[in-house]
Every structure is written in structure tokens, then in C-alpha cells.
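Note that ligands are numbered from 1 as they come in the structure, with each ligand's atoms numbered from 1 the same way. Keep in mind that what you see is a predicted model, and the values were worked out from it rather than measured. Numbering of residues begins at 1 and proceeds along the displayed sequence.
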Amino acid sequence: MVLEAQTAGYGASGRNGGWCSALFPASLGTLAGLTDRDGALAQHRAMRATVDEVIAVAAAEGIDAHVAKGGMISLARSRAQWRRARAEVADARSWDRGEDDLRLLDRTEASAILRGTRTVGATYTPDCAAIHPARLVRGLADAVERRGVTIHERSPVRAIQPGRAHTANGDVRAATVIRATEGYTPSLSGQDRTLVPVYSLIIGTEPLPASTWDEIGLARRETFTDHRHLIIYGQRTADDRLVFGGRGAPYHFGSRIRPEFDRDETVFARLYATLTDLFPVLQGTRVTHAWGGALGIPRDWCASVGLDRETGLGWAGGYVGDGVSTTNLAGRTLRDLVLGRDTELTRLPWVGHRSRPWEREPWRWLGINAGLRAMTFADAEESVTRLPSMVAKAVSPLLG
Ligand SMILES: Cc1cc2nc3c(=O)[nH]c(=O)nc-3n(C[C@H](O)[C@H](O)[C@H](O)COP(=O)(O)OP(=O)(O)OC[C@H]3O[C@@H](n4cnc5c(N)ncnc54)[C@H](O)[C@@H]3O)c2cc1C
């Protein structure tokens, strides 16, 4: 049985940027610290395979999620970004990740895929598909219902205890209770420091003519970003819109989530300015859609999944901005854990990992918003100096 506070797909899953990627929020070094080098690489292989798994499930269930597996290009648009791009590829090689996994593109190769201003090069991975998130999550909800699962919508859970979930309309009893509330987790009793909700906001343009796409690129609907500090992400949709998002909206005191936080005109204007700086051909293009939502961040940025056999309480989450594929891996892993199977999935390093709790307020509010400001400032500094930001260097040890 699924208990859902609103409607299936109401959360981040129904409104994300539509990257189904092999990205995992914690580095391979962090994962190796939880187990060892082989464990970290096994997790990476599982993430790569999960992209194809999501695509296969959508096909098998007849879900038209507008899937295009064109990979992901990350442009380097300054010397500082180019240095980070090369460092990322060198780091990948130190983990024996080859050209088939991540490769460096020079300016000509990058521009053959995507023609952003000031491009000096890029990194490219084939392990990413553009999808329509709401179509995927609604299709999955239908698929689990067809298999006999009951989804109770408009049934917010107030608290979880061993063997029971409390709702306003009564308790549900079950031997196993899984928490999968991601950015909304602080609303559950006793969970206010488990994950923090951080907002990501998105704009979507009107459908663009073929002549505009000829100037921009993305012929295979590759997803795209660049190597700046504060995340941006984009995709070309199946109906030829450009959907473009980024972080940078403030964290709200006490981990509050409100519908009005989904819209922030200042952030929308900043996204439009960033988009038209990347692709001047879009100057004057109409934005027809703008929205946002909360993702969930654990204190050590390491997503995890697990089940406590003693209590029957399980969890999955902390995906930061990488949950489209990782939720699938979490679901399959929880299946094995609940059924008591010892499998390759249940031996992955993120299984059973527990992140430490976030700081109490006001330290949480001060720390997270200072970090967001610092990253915005670091990108502004680099856009002027073109050199690696001194601010980012100074604050990065504090943000870990
Ligand atoms: C704007 C945005 C863009 C993003 N872009 C990407 C991207 O391109 N690629 C990517 O991989 N990831 C992206 N993410 C992150 C990704 O969407 C999430 O990691 C993923 O959807 C999390 O899935 P989930 O099922 O764990 O949580 P959610 O999809 O957030 O679902 C949680 C559900 O729990 C329900 N709920 C909340 N409280 C309760 C309660 N008390 N009782 C019962 N139910 C409750 C909510 O209504 C919600 O439906 C993005 C996120 C956002 C917000």
C-alpha cells in the first residue's frame, strides 16, 4: 500500500528537469569510504545500468515518457570551467572509467553537439536520457496499481512507528514501513533533521522552430549543463521546447515547504538571463511555463536506502538532484531487502548508510543560505576573472 499526501507524482518526481542519469550525489571516493574501491565501482555500474532499466520499464509498461537517450554534455565556458572539466575526466580515469563512460571534448567536438557562447570544450557521457517526468511517474503509478497495489492519495502520514503509519484518518499497520518522502521528510514527526528541502526552479520556452534548433544543437535531445558551481540543467523536450532549471532559490527557515515557494520571479528572471547568455538566439523567446519544487539533501550528500530488520522500518532518499534513476535503484534494492534476499544490489555501499542529522536552526538556515550565496558569488567571480574562484576554494571545505 502507498500512502501519498497529495496525488501520485505531486512531489519532485512529477516536476523535475527530466534527466534520467547515472549521476549519484556522493563521489566515488565517498562511496569507497563506506566500503571499498570495488564497492564504489559496483554502485557506479548499477547507476549506469539503471538508466537503461528505467527506459526498459517504461517501454514494457507502455509508458510514453518521451524518452531520448542522447547522453549529457557539460560545457566548459571559461578557463576555470575547462580546468574543472579536465580534472573530472582525470579523476574518472583514476577509477578506470574509460572513454565510453566520460570523455573530454574539444571546442569543435562540443560545438557539434551544442553551441553555447564562450565554449572552450566540454565533457560528455552517454549515460543520460531526457524524459518527461510527469508522464513517467503517472505511468508508473498506473503500473503498480495494475499489479494490485493500492495507492491512497490525499492521505498524509503524520508519524511512522514500527509496524504502523499514523494518518489523520487512522493507522495503517504493516510489518514493513518504508519512508520515501524525500524533501518533505521534515513534516514527519521526529524527522526534522534527516533531510533538508532545497528548491530547484525551472522555466520552459514556447516550442522553438527548426531554424533555432539548428543554431543551438541538441539534435539527439542530449541533456546539457556547464561546469559552473551552482547547478544548471536543461533539456530539449519532445515538442521542441527548451526546459531549463537551476538551484539558487533560498532555503526556507525550519525546512518549510509551501506552494508559494515553487515560484520566485527573481530566480525565474535569473534563469532566463543565464539561458539567453548561453544561447543569444533565444533573446525575446517567450517563457510559457515556470515552476519549482523541493528536493531532499542529506547532511553528507550521500543518498541511502535501508531496512532495519528489528523494527521493520525502511527508508530511501537523499538523492539531491539525481533521483529520477536512483529512485528506481532504491525500489529494486528495497524489494530485495524486504524479501530477505542477499543480492548484488543489497551489497552496494549506499545500503544501510545513515547520514548524520542536520544542524538545528538557526545554524541550518545560516549555513545553507551562506553556501548558496557563496556558489552564486563564485560563478560571478569566475565570469569576470575566468580563473578558478577564490571564494569557492575558501568555502568548499565548509560545505562538505
Ligand atoms: C525542480 C526539480 C528538478 C529536478 N531535476 C532532476 C533531474 O533532472 N534529474 C534527476 O535525477 N533528479 C532531478 N530532481 C530530483 C528528483 O526529482 C528527486 O530526487 C526524485 O523525484 C525524488 O523522488 P521521491 O519519490 O523520493 O520523492 P518525491 O517525488 O518528492 O515524492 C515524495 C512524495 O511524498 C509525498 N509526501 C510528502 N509528505 C508526505 C506525508 N507526510 N505522507 C504521505 N506522503 C507524503 C509527496 O506528496 C510526494 O508525492 C529534481 C528535483 C526538482 C525539485
Looking only at protein heavy atoms, identify the closest one to [atom] and say how far it is in Å.
{"atom": "atom 31 (O) of ligand 1", "answer": "G11 CA, 4.2 Å"}
{"atom": "atom 27 (O) of ligand 1", "answer": "E182 CB, 3.3 Å"}
{"atom": "atom 15 (C) of ligand 1", "answer": "V320 O, 3.7 Å"}
{"atom": "atom 5 (N) of ligand 1", "answer": "G17 N, 2.9 Å"}
{"atom": "atom 26 (O) of ligand 1", "answer": "Y319 CE1, 3.3 Å"}
{"atom": "atom 32 (C) of ligand 1", "answer": "A180 O, 3.8 Å"}
{"atom": "atom 36 (N) of ligand 1", "answer": "A5 CB, 3.9 Å"}
{"atom": "atom 38 (N) of ligand 1", "answer": "Y184 CB, 3.5 Å"}

task = Please confirm whether A294 comes under 4.0 Å of ligand 1, counting heavy atoms of the residue only.
result =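 Under 4.0 Å: yes for A294.
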
ask   = Is ligand 1 less than 4.0 angstrom away from at least one heavy atom of P156?
value =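 It does, in that a heavy atom of P156 comes within the 4.0 Å cut-off of ligand 1.
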
Which is closest to [atom] in terms of heavy atoms, [options]?
{"atom": "atom 51 (C) of ligand 1", "options": "L3, I202, L295", "result": "L295"}
{"atom": "atom 35 (C) of ligand 1", "options": "Q6, H152, R179, E4", "result": "E4"}
{"atom": "atom 23 (O) of ligand 1", "options": "A12, G323, S13", "result": "S13"}
{"atom": "atom 13 (C) of ligand 1", "options": "G14, G321, G331, G18", "result": "G321"}

query = Does an N or O from W19, backbone or side chain, lie closer than 3.5 Å to an N or O of ligand 1?
reply =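 Yes - when backbone and side-chain N and O of W19 are compared with those of ligand 1, one distance drops under 3.5 Å.
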
inquiry  = Counting only nitrogen or oxygen atoms and a 3.5 angstrom limit, does N16 reach ligand 1?
reply    =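 Yes: some nitrogen or oxygen of N16 is under 3.5 Å from one in ligand 1.
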
For [X], take its heavy atoms, then give the atoms of ligand 1 lying under 4.0 Å from any of them.
{"X": "L188", "answer": "41 (N)"}
{"X": "T181", "answer": "38 (N), 39 (C), 45 (C)"}
{"X": "V157", "answer": "40 (C), 41 (N), 42 (N), 43 (C)"}
{"X": "S200", "answer": "1 (C), 2 (C)"}
{"X": "G293", "answer": "53 (C)"}

query = Are the ring centres of H44 and F24 closer than 6.0 Å?
reply =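 Not close enough - the centres of the two rings lie 6.0 Å or further apart.
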
task = For residues Y124 and F224, establish whether the separation of their ring centroids is below 6.0 Å.
result =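 For Y124 and F224, the ring centres are not under 6.0 Å apart.
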
Which atom pairs, one a donor and one an acceptor, fall under 3.5 Å between side chains of residues 200-210 and the rest of the protein, sequence neighbours left out?
| from | atom 1 | to | atom 2 | distance (Å) |
| --- | --- | --- | --- | --- |
| S200 | OG | Y233 | OH | 2.6 |
| T205 | OG1 | L242 | N | 3.0 |
| E206 | OE2 | R286 | N | 2.8 |

inquiry  = With no hydrogens and no angle check, just 3.5 Å: does a side-chain donor-acceptor pair link S27 and T30?
reply    =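 Yes, T30 and S27 have a side-chain donor paired with an acceptor closer than 3.5 Å.
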
query = Can any side-chain N or O of H132 pair as donor or acceptor with the backbone N or O of R135 at less than 3.5 Å?
reply =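 Judged by distance alone, yes, a pair lies under 3.5 Å.
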
ask   = Can any side-chain N or O of R138 pair as donor or acceptor with the backbone N or O of A8 at less than 3.5 Å?
value =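 A pair under 3.5 Å: yes.
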
Just to be sure I read this right, does ligand 1 sit under 4.0 Å from the backbone of [X], its side chain, both, or neither, counting only heavy atoms?
{"X": "Y233", "result": "side chain"}
{"X": "V324", "result": "both"}
{"X": "R158", "result": "neither"}

inquiry  = Let me confirm one number: the NE2-CG distance from H353 to L31, rounded to the nearest 0.5 Å.
reply    =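 Reported value, rounded in 0.5 Å steps: 9.0 Å.
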
key: Heavy-atom neighbours of E145 CD exceed 12 at 6.0 Å   =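 More than 12 within 6.0 Å, yes.
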
Search all heavy atoms of [X] against all heavy atoms of [Y] and return the closest pair with its distance.
{"X": "A316", "Y": "A330", "answer": "CB-CB, 3.9 Å"}
{"X": "A249", "Y": "L372", "answer": "O-CD1, 3.5 Å"}
{"X": "R221", "Y": "T237", "answer": "NE-C, 3.7 Å"}
{"X": "C302", "Y": "S355", "answer": "O-OG, 3.5 Å"}

Anything under 3.5 Å between a donor and an acceptor, one on a side chain of residues 48-56, the other on a protein residue two or more places apart or in another chain? List them.
| from | atom 1 | to | atom 2 | distance (Å) |
| --- | --- | --- | --- | --- |
| R48 | NE | D127 | OD2 | 2.5 |
| R48 | NH2 | D100 | O | 3.2 |
| R48 | NH2 | D127 | OD2 | 3.2 |
| T50 | OG1 | A46 | O | 2.6 |
| T50 | OG1 | R332 | NH2 | 3.0 |
| D52 | OD1 | K69 | NZ | 2.9 |

task = Name the orientation class of the two ring planes belonging to Y10 and Y184 (parallel below 30°, tilted from 30 to 60°, perpendicular beyond 60°).
result =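 It falls in the tilted class, 30° to 60°.
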
